[in-house]
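Residues take their numbers from the sequence shown, with the count starting at 1. In this text the structure is predicted, and so the values were computed from the model without any measurement.
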Amino acid sequence: MAKTQASPAALKRESAGRYVTGDGRFTVDQASGGWMVTDAEHANELGLPLVRGPFATLSDARAAVDAARTEPAPTSGLAARIASLPAKPRPDRRTAKTTGAASRPKGAGARATSGGRESSGPPEAPPLEIREWRRGDGDGLRGLWASVGMGSLGDDDASLAVMARRNPGLVLVALEGGRVVGSALGGWDGRRGWIYHVATAPDRRRAGIARRLVERVEVGLRALGCPKVNVIVLDTAIEAAAFWTAAGYSRLAASQYGRVLAADDDAGAGRR
């Protein structure tokens with residue numbers, strides 16, 4: 001007896017909270033925010049599969065799959081908007097090192113070696129790398145967040161993957177020598193941008209890592225046309241409040257800070 005083949009549009013359950021269409025084009029995942037639909041046939045400028053959602057129910061996600069099959073391929077001007085942003089000048093590291101060496105008193109920071117020669121002080125930290133989240137970063141991020149008393153629903157690998165697909169270029173990880181030392185998760189709901197889980201390893205604080213992460217998220221949000229970004233800061237987090245204030249954020253309400261990103265939205269600076 002011949003085996004009946006599944007319809008290309010039918011959803012087949014692969015595992016708990018995960019379905020795939022018969023033709024393999026669409027994947028439907030359940031995350032903390034709802035059901036997300038990933039379209040393997042269409043990709044954005046970064047080469048990532050296009051993601052739709054979140055949808056409140058599996059039926060809504062199924063309807064979105066049916067609609068996506070008949071809709072024209074989506075287009076975006078993200079690459080052009082990013083390219084049009086003015087580049088920030090980078091400091092000349094060679095000049096900085098030369099200036100620092102000239103101004104340091106002779107012998108300062110030096111230590112004797114076994115051969116009697118002098119060498120520089122403690123070894124420099126590995127170069128800081130800031131990049132987008134990748135599969136495999138989950139354990140390092142959760143370890144970082146635990147070290148600073150941070151954590152919430154949505155920190156699992158599946159939820160992080162969904163957030164990264166929905167917000168390309170905004171879910172960032174900072175590493176030194178392969179070790180996760182910082183994070184900032186950016187997102188945009190179409191009206192306001194949000195930044196979550198800005199964290200720095202305790203032994204790497206006050207090195208400018210968090211500031212660099214936040215600035216990069218802001219650049220990405222601005223390129224998308226996001227006019228304003230908000231963050232949640234607990235009233236008990238005194239140091240965090242000071243950080244966001246120094247970064248140009250104003251307190252809007254209890255536990256909420258924000259700042260205007262788009263120059264033409266100055267009139268709405270007081271709106272939440």
(request) Could you tell me whether the side chain of V214 reaches within less than 4.5 Å of the side chain of V198, counting heavy atoms only? (result) yes
(message) Taking the basic N atoms (NZ, or NE/NH1/NH2) and the acidic carboxylate oxygens, is any pair closer than 4.0 Å for D139 and R142?
(response) yes
(message) Any non-hydrogen side-chain atom of W133 less than 4.5 Å from a side-chain atom of L185?
(response) no
(message) Does any part of the side chain of L128, heavy atoms only, come nearer than 4.5 Å to the side chain of R212, both counted from C-beta?
(response) yes
(message) So, taking the atom named CG in L58 and the one named CZ in R13, what distance separates them when rounded to the nearest 0.5 Å?
(response) 11.0 Å
(request) List the steps and the verdict of salt bridge (Lys or Arg N to Asp or Glu O under 4.0 Å) for D60 and R52. (result) CA-CA 11 Å; D60 292 340; R52 296 173 173 86; over 6 Å; no
(request) Determine, using the 4.5 Å side-chain heavy-atom cutoff (strictly less than), whether M163 and V173 are members of one ILVMFWY cluster. (result) yes
(message) Main chain of I232, side chain of S255: is a donor-acceptor contact present, judged purely on distance under 3.5 Å?
(response) no
(request) Locate the shortest heavy-atom distance separating L160 from D155; write the atom from each residue and the value. (result) CD1-O, 3.5 Å
(request) For residues M36 and Q30, determine if any side-chain heavy atom of one lies less than 4.5 Å from a side-chain heavy atom of the other. (result) no
(request) Look at the side chain of D29 and the backbone N and O of V37, then say whether any donor-acceptor pair between them is shorter than 3.5 Å. (result) no
(request) Provide the closest heavy-atom pair for V217 versus A184 in the form atom of the first, atom of the second, distance. (result) CG2-CB, 4.1 Å
(request) Over 60° means perpendicular and under 30° means parallel, so classify the ring planes of Y19 and W35, tilted if in between. (result) tilted
(request) Might you point out which heavy atoms bring P126 and G177 nearest each other, and give the distance in Å? (result) CB-N, 3.5 Å
(message) Is there a continuous path of hydrophobic side-chain contacts, each under 4.5 Å between heavy atoms, that joins M150 to L175?
(response) yes
(request) Might you point out which heavy atoms bring G193 and W188 nearest each other, and give the distance in Å? (result) N-CD1, 3.6 Å
(message) Within this structure, what is the CG-CZ distance for the pair L172 and R216, rounded to the nearest 0.5 Å?
(response) 5.5 Å
(request) Say whether L224 and L213 are linked into one hydrophobic cluster, either directly or through other cluster members, by side-chain heavy-atom distances under 4.5 angstrom. (result) yes
(request) Show your reasoning for whether side chain to side chain contact (heavy atoms under 4.5 Å, CB included) applies to R18 and V28. (result) CA-CA 6 Å; R18 183 179 179 85; V28 181; over 6 Å; no
(message) Using the rule given for side chain to side chain contact (heavy atoms under 4.5 Å, CB included), can you reason through R191 versus C226, listing the C-alpha separation, both sets of side-chain angles and the distance that settles it, and then say yes or no?
(response) CA-CA 7 Å; R191 177 176 172 82; C226 176; over 6 Å; no
(request) For the pair S159 (side chain) and D156 (backbone), establish whether a donor and an acceptor sit closer than 3.5 Å, ignoring hydrogens and angles. (result) no
(message) Measuring from atom OG of S250 to atom CH2 of W244, what distance do you get when rounded to the nearest 0.5 angstrom?
(response) 13.0 Å
(request) Answer yes if the side chains of T38 and R165 hold a donor-acceptor pair under 3.5 Å, and no otherwise. (result) yes
(message) I'd like to know if L11 and F55 are part of one continuous hydrophobic network [Ile/Leu/Val/Met/Phe/Trp/Tyr, side-chain heavy atoms within less than 4.5 Å].
(response) yes
(request) Could you please spell out the steps behind the side chain to side chain contact (heavy atoms under 4.5 Å, CB included) verdict for R205 and V148? (result) CA-CA 11 Å; R205 288 178 177 170; V148 297; 3.5 Å; yes
(request) May I ask whether F243 and W194 are part of the same hydrophobic cluster, defined by side-chain heavy atoms of I, L, V, M, F, W, Y residues being less than 4.5 angstrom apart, directly or through others? (result) no
(request) Enter the distance from I195:CD1 to E218:CD here, rounded to the nearest 0.5 Å. (result) 5.5 Å
(message) Is any side-chain heavy atom of L261 closer than 4.5 Å to one of R192?
(response) no
(request) Before accepting this row, confirm whether a basic side-chain N of the pair R25/D39 lies closer than 4.0 Å to the acidic partner's carboxylate O. (result) yes
(request) Determine the sole option in V171, L141, D137 for which the side-chain contact (heavy atoms from CB on, under 4.5 Å) test with S183 is passed. (result) L141
(request) Considering non-hydrogen atoms only, spot the tightest contact between I130 and A174 and give its length. (result) CG1-CB, 4.1 Å
(request) Decide yes or no for L252 and K228: does some side-chain heavy atom of the first lie under 4.5 Å from some side-chain heavy atom of the second? (result) yes
(request) Return the minimal non-hydrogen interatomic distance between S147 and P202, and the atom names on each side. (result) OG-CD, 3.6 Å
(message) In the structure I gave you, are the side-chain heavy atoms of L170 and E132 within less than 4.5 Å of one another anywhere?
(response) no
(message) Is there a side-chain contact between V229 and Y249 in this structure, where contact means two heavy atoms from C-beta onward sitting under 4.5 Å apart?
(response) yes
(request) Check the pair L144, R179 against side chain to side chain contact (heavy atoms under 4.5 Å, CB included), reporting the backbone distance first and the verdict last. (result) CA-CA 10 Å; L144 167 68; R179 173 196 172 206; over 6 Å; no
